[in-house]
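Whatever order the structure lists them in is the order used to number ligands and atoms, beginning at 1.
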Amino acid sequence: MKSIKLLFILFFLSASFYAQTPTDYLPAEFHKERRNMLRSKMSKNTVVVVFANPIRNRANDVDYVFHQDPNFYYLTGFREPNAVLVLFSDNQTDDSGVVYNEIIYVPKKDSRAELWNGKRLGVEGAKKELGFTMAKTAEEFTEQPIDFTKFNKVYIKKFEDDYRNSLNKFGETYDLVNSFKRNSDYKIATLISEPKKKVYELIKSTPIENAANVAQVLGKVITYYPDLGEDELIQGYRNTTDASKIKDIKEKTSLKLNVKHNINTTFLSSKMAEMREIKTPVELKLLTKAIRISAVGQIEVMKAMKPHMSETEIQGIHEFVYKKYGAEYEGYPSIVGAGNNGCILHYIENNKTKVGHDLVLMDLGAEYRGYTADVTRTIPANGKFNTEQKAIYELVLKAQNEAIKVCKEGTMFWSPTQIAQKIINQGLADLGIISSVTEKHSYFPHGATHHIGLDVHDPGTYGELKENMVITVEPGIYIPDGSKCDKKWWGIAVRIEDDILITKGEPENLSGEAPRTVEGIEKMMEKKSVLDEFILPNLDE
Ligand code: GLY
Ligand code: MN
Ligand code: MN
């Protein structure tokens, strides 16, 4: 018995050794448990339909690197495009008596396609590795369509309709979504476009005596949505002052608005937000790893930074560290902005050829097994903060420290932002950058917190903070060239961003190993870097 066990272990070890692919993804049980939790929130005779992300074209025959839709991944663990998850509230029985309460539709195995684009899991893989008892090919979703009209509610995310039709292929997102639209109430639900719905609602709810005012407003609306001008009811409404005609139009808009259908586009997002905002232990493990990798990236850059470096090169050092740890992506386009470039909140060109003696704002996050960090450090390229840089930095740090202190269970979500705003306003006034604490300004134009997880801006309910949420705390001050203050402050941009685990007790700073204080950063920047010796040939001579 012992030797059989040993053989089994050896076989397992050698198999995973030869496969040599990561084994620490979320386990199938996690996704199954999440599906069960979502199902428990659904009312009787309802169904959730979630589509995988489509492939997006970059240029000609080159596509963007595929990234799974986070909701789809959360519920399935499937990392390929052109797939659908159908989750039923109640057991269903097929023609052969098989009982099931969920189906995953996945691309079928295809040796030719796999030769070019990599292995597919296929139907059997989806059963074996993802733990689905009912898995079918994507084609089956279109060829043996489910009649979605028979359910009390069909929960979907609103379609953006931004996928290509490659014509010569079947089972692609375009076909899957169209099949769903054909076999559901979707057409009825979207008979009236969103802008038209808003206008109809306005007409319906406005008392007849105020119709002239609304008709005037509609004139402006039509300049943005010319199609609305051709709508018979809207046209009629604008062209009459006759009370009985207006009454008639109001009744007709009301009838059109009341068309019955079973499509619901809010339930899924709101339930996913409720579930995803609280991280389970397996999620926390991966998210913490992503965060620590990003913190190490910041540390290595602090050691390696030199004034002659370009923003691009600095970005490359962070991302090299991520890859060295096996992180598959960056969670969002990396931001490396020297001096005035740091004032652009989502600056991603990163193409300044020399960072010089400016502050360099570096907002980057590794994505590890789907989970993304979001960490910002702002450091002086030459290793020492000058007087003005230090004054602004210390102010942002104070705001961040005070905001972090309140990040505990029970605090309202926006409270850290309000605390940071108050401190920054007071500090800017004390430094003479604004004339008084009440002066309106745009030196801190964003909120200080958001959830992180499978999305860098992860969904949440934005009420009270709860145990096992992970949020950023990221105050900043940005003083672009030409601002209405003393020139000595121009081009200074500071953001400090850490990823905080909410507990019942004290907040836990998961990115805290990257120094944040002026002294801590300057000390780290004095250290040697292995990259000091990494000198490549000059190709420009
Ligand atoms: N990196 C984007 C953000 O900080 O929200
Ligand atoms: Mn952030
Ligand atoms: Mn960030």
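Aromatic ring centres of Phe159 and Tyr186: separated by under 6.0 Å.
Salt-bridge formation is detected for the pair Lys271/Glu274: a Lys NZ or Arg NE/NH1/NH2 atom is positioned less than 4.0 Å from an Asp or Glu carboxylate oxygen.
Looking at Asp430 and Gln426, their side chains do bring a donor and an acceptor atom within 3.5 Å of each other. Remark: the Arg79 side chain and the Tyr25 side chain contain an N/O donor-acceptor pair separated by less than 3.5 Å. The closest side-chain donor-acceptor pair between Glu330 and His318, if any, does not fall under 3.5 angstrom.
Protein contacts to the Mn ion (ligand 2) involving N, O or S atoms at a distance below 2.8 Å are Asp374 OD2, His450 NE2, Glu474 OE2, Glu497 OE2.
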For residues 360-368, which side-chain donor-acceptor pairs fall under 3.5 Å, sequence neighbours excluded?
residue	atom	partner	partner atom	Å
Asp363	OD1	Tyr332	OH	2.5
Asp363	OD1	Thr376	OG1	3.4
Asp363	OD2	Thr376	OG1	3.3
Asp363	OD2	Arg495	NE	3.3
Asp363	OD2	Arg495	NH2	2.9
Glu367	OE1	His67	NE2	3.1
Glu367	OE2	His67	NE2	2.9
Tyr368	OH	Asp24	OD2	2.4
Tyr368	OH	Lys289	NZ	3.4

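When each of Arg35, Glu33, Glu29 is checked for a side-chain contact (heavy atoms from CB on, under 4.5 Å) with His31, only Arg35 meets the rule.
Closer than 4.0 angstrom to ligand 1 sit non-hydrogen atoms from Tyr332, His346, Asp363, Asp374, His450, His457, Glu474, Glu497.
In this pair, Tyr443 and His441 present their aromatic rings parallel. The plane angle is below 30°, not in the 30 to 60° band.
Counting only residues at least two apart or on different chains, the side chain to side chain donor-acceptor pair (under 3.5 Å) pairs with a member in residues 304-317 are Lys306-Asp532, Glu311-Asn341, Glu311-Tyr347, Gln315-Glu319, Gln315-Asn350.
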